[in-house]
Amino acid sequence: MASILNISAYRFVVLDDTESLRAHIHQQASARRLKGTVLLAEEGINLFLAGAPADVHGFVDWLRLDARFATLEVKESPSDDVPFGKLLVKVKREIIRMNHPAIRPQAERAPAVSPATLARWLAQGHDDEGREVVTLDTRNAFEVDEGRFHNAIDWRIDKFSDFPAAVLAHRDELAGKTVVSYCTGGIRCEKAALFMADAGIERVMQLDGGILKYFEDTGGAHFDGTCFVFDERRTVGADLHPAGPDAASASQSIASAA
């Protein structure tokens, strides 16, 4: 059984004490021997941490004592080793860089679709109103190359700050469709959905919890390949375990059988 618990989580919420919060988070995570990265900004928190399960859960319990993080949703996955070399807690201008300050997810949340509902829509070929459903990958091209939803739209962006320009170049292609933006854990597709709505795309929503939550809830139906993660595991399969050399074909088999 894997001895290490990996967690990823984010929450868009106004933070006006990032420097003091950085110090407290570093002290609590370090005391529990956790490694990984925590990003803080005025718009919220984004974290990827790993360690012994009891220590990880203890840190999350501590963090949730702060009312701003009481509803923090955490995605978990196992591994045999800690996939991070050290602990970093940083204050940034944005926890995910888009360079569009008018997009403020800490003030409003984009409409979301649950993994189970998206899987059902993809299986039936349309949403509950009979509209065509398209999945839009908001990740970088090298991430998409490891795996994506079947027939997903991929604009081959090199970095997330390129996404707004891609939307403006392609938005007419999305007219009349239900557009579901997705990413690894939800943070990019949440900002992406808000930008697309602001750009005039009629019906757009985010995949709640991203690919990792989709894997957890559905087992990876309609998803081809594996999910890239930014640590030493590199990718995880639909079972959320680190992907071995046969993981891509295994994930495709799961999707085909679903």
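Throughout, residue positions are numbered sequentially from 1 according to the sequence presented.
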Checking Glu129 side chain against Arg131 main chain: does a donor-acceptor pair fall under 3.5 Å? no
Heavy-atom check, side chain of Ile95 versus side chain of Lys92, under 4.5 Å: no
Let me know which of Asp224, Asp154, Thr135 forms a side-chain contact (heavy atoms from CB on, under 4.5 Å) with Arg148. Asp154
Partners passing salt bridge (Lys or Arg N to Asp or Glu O under 4.0 Å) against Lys86 (at least two apart in sequence or in another chain): none
Pairwise side-chain contact, Leu47 with Thr37, heavy-atom cut-off 4.5 Å (strictly under): no
Could Asp137 and Arg188 be called an ion pair, given the rule that one side-chain N must be under 4.0 Å from one carboxylate O? no
Could you go through Ser77 and Arg233, starting from their C-alpha distance and side-chain angles, then the distance that decides it, and tell me whether this counts as side-chain contact (heavy atoms from CB on, under 4.5 Å)? CA-CA 11 Å; Ser77 58; Arg233 293 173 295 171; 2.8 Å; yes
Gap between atom CG of Asn151 and atom CZ of Phe149 - 0.5 Å precision: 12.5 Å
Please answer whether the main-chain N or O of Pro83 pairs with a side-chain N or O of Asp231 as donor and acceptor at a distance below 3.5 Å. no
Measure from the side-chain N and O atoms of Ser20 to the backbone N and O of Asp17, and report whether any donor-acceptor pair falls under 3.5 Å. yes
If hydrophobic clusters are built from ILVMFWY residues whose side chains come within less than 4.5 Å, do Leu194 and Ile96 share one? yes
Would you please test Ile201 and Lys177 for side-chain contact (heavy atoms from CB on, under 4.5 Å) and show each step? CA-CA 9 Å; Ile201 298 173; Lys177 301 173 182 177; over 6 Å; no
So, the side chain of Arg32 versus the backbone of Gln28: is there a donor-acceptor pair under 3.5 Å, distance only? yes
Yes or no on side-chain contact (heavy atoms from CB on, under 4.5 Å) for Ser8 and Leu212, after CA distance, side-chain angles and deciding distance? CA-CA 9 Å; Ser8 64; Leu212 296 179; 3.7 Å; yes
Flag side-chain contact, heavy atom, 4.5 Å: Leu240 against Glu76: no
Looking at Glu94 and Lys191, does any basic side-chain N land under 4.0 Å from a carboxylate oxygen? yes
Side-chain donor/acceptor of Arg68 to backbone N/O of Leu15, under 3.5 Å: no
Test log, rule side-chain contact (heavy atoms from CB on, under 4.5 Å), inputs Phe69 and Val60: CA-CA 9 Å; Phe69 308 125; Val60 172; over 6 Å; no
Could you tell me whether Asp208 and Lys213 make a salt bridge, using a distance below 4.0 angstrom between a side-chain N and a carboxylate O? no
Quick check: closest heavy atoms across Ala110 and Ala193, and the distance to 0.1 Å? CB-CB, 3.6 Å
Check whether any side-chain N or O of Lys75 sits under 3.5 Å from a backbone N or O of Ile7 as a donor-acceptor pair, and report yes or no. no
Mind checking who shares a hydrophobic cluster with Phe228, ILVMFWY linked at side-chain heavy-atom distances under 4.5 Å? Phe142, Phe230
Here the pair of heavy atoms bringing Pro115 nearest to Asp217 is CG-OD2, 3.7 Å
Indicate yes or no: at least one non-hydrogen side-chain atom of Ile45 is less than 4.5 angstrom from one of Leu39. no
Smallest heavy-atom separation, Ala166 atom then Ile157 atom, equals CB-CG2, 4.2 Å
Taking Glu143 for its side chain and Asn140 for its backbone only, find out whether a donor-acceptor pair lies under 3.5 Å. yes
For a quick test of reading the model, state the closest non-hydrogen atom pair linking Gly51 to Val56 and the distance between them. N-CG2, 3.6 Å
Lys/Arg-Asp/Glu bridge criterion (N-O < 4.0 Å) met for Glu190, Arg109: yes
Nearest-0.5 Å distance, CG of residue Leu40 to CG of residue Asn46: 9.5 Å
What I'd like to find out is whether the side chain of Asp55 reaches to under 4.5 Å of the side chain of Arg33, using heavy atoms alone. yes
Same apolar cluster (I L V M F W Y, side chains within < 4.5 Å links), Val113/Ile211: yes
Side chain proximity check, Arg139 to Thr184, heavy atoms < 4.5 angstrom: yes
Separation between CD1 (Ile153) and CG (Leu136), nearest 0.5 Å, reads 5.5 Å
Between the side chains of Tyr10 and Glu73, is a donor N or O closer than 3.5 angstrom to an acceptor N or O? no
Would you check if there is a donor-acceptor pair between the side chains of Arg64 and Thr71 at a distance under 3.5 Å? no
Is there a donor-acceptor pair closer than 3.5 Å between any side-chain N or O of His26 and the backbone N or O of Arg22? no
So which atom in Gly220 and which in Ala238 form the shortest heavy-atom distance, rounded to 0.1 Å? CA-CB, 4.1 Å
Mind checking the CE-CD spacing from Met98 to Glu43? Nearest 0.5 Å is all I need. 10.0 Å
Treating Ile, Leu, Val, Met, Phe, Trp and Tyr as nodes and any side-chain heavy-atom pair under 4.5 angstrom as an edge, say whether Leu21 and Val13 lie in one connected cluster. yes
Kindly work out whether a path of hydrophobic side-chain contacts (I/L/V/M/F/W/Y, heavy atoms less than 4.5 Å apart) joins Leu5 to Leu87. yes
Under the 3.5 angstrom rule, does the side chain of Glu146 hit a backbone N or O of Thr235 as a donor-acceptor pair? no
Pairing residues for Arg203 by the salt bridge (Lys or Arg N to Asp or Glu O under 4.0 Å) criterion, not counting sequence neighbours: Asp127
Do you see a donor-acceptor pair shorter than 3.5 Å between the side chains of Glu173 and His170? yes
So if you build clusters from Ile, Leu, Val, Met, Phe, Trp, Tyr with side-chain heavy-atom gaps below 4.5 Å, do Val144 and Trp155 land together? no
Can you tell me how far the OG1 atom of Thr218 sits from the CG atom of Leu118, to the nearest 0.5 Å? 8.5 Å
Please lay out, stage by stage, how His150 and Phe223 fare under the test ring-ring contact (aromatic ring centres under 6.0 Å, His included). CA-CA 6 Å; His150 187 59; Phe223 194 94; over 10 Å; no
Is the Tyr214-Tyr182 ring centre distance short of 6.0 angstrom? no
Are any of the side-chain heavy atoms of Phe48 and Val38 separated by less than 4.5 Å? no
Quick one: pull up CE in Met196 and OG in Ser181 and give me the separation to the nearest 0.5 Å. 4.5 Å
Are Glu132 and Thr178 close enough that some pair of their side-chain heavy atoms sits under 4.5 Å apart? no
Which atoms form the tightest heavy-atom contact between Ala192 and Phe160, and what is the distance? N-CZ, 4.2 Å
